[in-house]
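Below: the structure, in structure tokens.
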Protein chains: 2
Amino acid sequence: MITEAEYLKNYDATRFPSPLVTVDSVLFTLHEGKLCVLMVERASQPQQGCWGLPGGFIDIARDQHTRDTALRKLTEKAGVSPSWLEQLDTFSGPDRDPRGWSLTIAWFALIAWVDCAPHIASVSDARWLPVDELDGYALAFDHQKIIETGLHRLRQKTMYSLLPVYCLPDTFTQAQLHEATEIILGQPIQRKSLIRRIEASGMLEETGESVATGARKARLWRRKPDVDIHLFSRNLLAD
Amino acid sequence: MITEAEYLKNYDATRFPSPLVTVDSVLFTLHEGKLCVLMVERASQPQQGCWGLPGGFIDIARDQHTRDTALRKLTEKAGVSPSWLEQLDTFSGPDRDPRGWSLTIAWFALIAWVDCAPHIASVSDARWLPVDELDGYALAFDHQKIIETGLHRLRQKTMYSLLPVYCLPDTFTQAQLHEATEIILGQPIQRKSLIRRIEASGMLEETGESVATGARKARLWRRKPDVDIHLFSRNLLAD
DNA sequence: GCAATAGTGTCTTTAAGACACTATCAT
DNA sequence: ATGATAGTGTCTTAAAGACACTATTGC
């Protein structure tokens, strides 16, 4: 019987073959009436030239969690950290990456288009692709499946929370939230239902300002500082 | 510019330091009116003698997914594969394991107590621990936190599905499902609500048999073969 | 004034909560 | 027959759906 200290002194982490571990993020935004996902053109092998999710290897010297890895890679590509970031799922297996048995920890993120538009416009390898046009692109590895999982999470959570506010700028109108919700869910939503939810959630507050949108001015709203997301006990579109 | 084939020929997966990757499972069951989690007494270092979740390293020669790793380890410890198995979350960081930067993929599982009682009784290192008595045990690594995350998942999902049926034997009465739901949620549930949900879910069917429970006989139910779980659009206990 | 968008009032619908009622079985 | 547990009927309640109504603004 040895002590833990003795055991650790002699421990060799490379004795057993271990999987290749990466972290990838599905970052959604809304732009011109479409739901888009941030994709990066792969500059190097493998799958060079394909479009892949922003991600990469964990830097065990710098990252305290895989969340840090996700944030680091997203900040590199989008120039800003997302408004929403949560773990999505992991994807693993011997065949998903030609380099061998691999595992990716996928994160799910949201951001307002305006918050990163300038940065993304300035780089040539990152681009917002509308999710309904992904068929036209060669996607790397199993990233198509990861995106679908992210889409499913986005739609589910939109049914029982105000998650779409994290796709909007700091201040926004009820109409913007309404449009965002309809784009994500792909069907019409009663305006009244959303307004009731804004009230009931306690997540949002009026800024006091209004903006002209062509007709009557609309009041501006923002998320209360440091407020947690509110989960409703019923879904929208319950049929 | 090199081709992918040339690149792969020269690829060395050990060039970059990579995290220690494990798979752990939170397997819950119900026994004697208590919610229990399967724990294993650690036979070797690190954290020898502590109680930990059943889990271990991925065997990249045998496991096609981390799900297979979870199943392999659970079958070793519980002697049977769980009725329910889904991915829970990942936990990572430089300090959670003394061997170095580590990552565990946590799975969430349910099984009926009777299905693995004989096997667990036959081994000395695995035991069902009631979740409300875990304070009395030295738990390994961050397994306390992983269990709490599993508990949260179990309680949330119980509010909008019939998930507790996966903690019950193949055939069961409405009263058993009712009791299971109340134990998991920790508060009384209207019998009528559950009966309505059984009907509406389309997941269950009567076996045609009845069992005596002391008074009037109760009808037996089972899950329809290969049926998917039904998600309700409202939660129980919505207040 | 009129068109257009913002915002409200209120009736209907759905599924849960509450709880009393009836049914069946062992004794 | 009685008591206990199984199972039903039905009223109330909470929140979404539907949709018509009023309010405000630019022209």
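Chain letters run A, B, ... following the sequence lines, proteins first and then strands; every chain starts at 1.
Residues from residues 165-191 of chain A placing a heavy atom under 4.0 Å of any atom in DNA chain D, listed by number, are A:Q190. For the segment residues 193-203 of chain B, the set of residues with a heavy atom within less than 4.0 Å of an atom of DNA chain D comprises B:I195, B:R196, in numerical order.
Map B:K192 and B:K217 each onto its nearest nucleotide of DNA chain D; the residue landing nearer the 5' end is B:K217. With the nearest nucleotide of DNA chain C identified for both B:A215 and B:L236, B:L236 has the one nearer the 5' end.
Contact footprint of chain A on DNA chain D: nucleotides with an atom under 4.0 Å from a non-hydrogen protein atom, first to last in 5' to 3' order, D:dA14 to D:dT25.
In the model, B:D89 has no side-chain atom that pairs as donor or acceptor with a side-chain atom of B:T149 under 3.5 Å.
Between the C1' atom of C:dA16 and the CZ atom of B:F232 lies a distance of 11 Å, rounded to the nearest Å.
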Scan the side chains in residues 166-173 of chain A for donor-acceptor partners under 3.5 Å anywhere in the protein, sequence neighbours excluded, and list what turns up.
residue : atom : partner : partner atom : Å
A:T173  : OG1  : A:A175  : N            : 3.4
A:T173  : OG1  : A:Q176  : N            : 3.1

Side-chain donor-acceptor contacts of residues 102-116 of chain B below 3.5 Å, not counting sequence neighbours, with atom names and distances?
residue : atom : partner : partner atom : Å
B:S102  : OG   : B:R96   : NH1          : 2.8
B:T104  : OG1  : B:T22   : O            : 3.3
B:T104  : OG1  : B:T22   : OG1          : 3.0
B:T104  : OG1  : B:D24   : OD2          : 2.7
B:W107  : NE1  : B:T66   : OG1          : 3.4

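Taking 4.0 Å as the cut-off between side-chain N and carboxylate O, A:E86 and A:R153 count as a salt-bridged pair. For the pair B:R223 and B:E205, the salt-bridge criterion is not met [side-chain N within less than 4.0 Å of a carboxylate O].
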Pair B:E206, B:R219 - check salt bridge (charged side-chain N to carboxylate O under 4.0 Å, His left out), show working. CA-CA 7 Å; B:E206 295 189 52; B:R219 291 179 293 183; 3.3 Å; yes

Show your reasoning for whether salt bridge (charged side-chain N to carboxylate O under 4.0 Å, His left out) applies to A:D125 and A:R42. CA-CA 8 Å; A:D125 63 335; A:R42 295 181 60 83; over 6 Å; no

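From B:E41, atom CD reaches atom OH of B:Y137 across 10.0 Å, with rounding to the nearest 0.5 Å.
Among pairs with a residue in residues 181-190 of chain B, those fulfilling side chain to side chain donor-acceptor pair (under 3.5 Å) read B:H178-B:E182, at least two apart in sequence or across chains.
Between the base of C:dA4 and the side chain of A:R216 there is no donor-acceptor pair shorter than 3.5 Å.
In this structure, A:R234 fails the cation-pi test against A:Y160, since its NZ or CZ atom is not both closer than 6.0 Å to the six-membered ring centre and inside 45 degrees of the ring normal.
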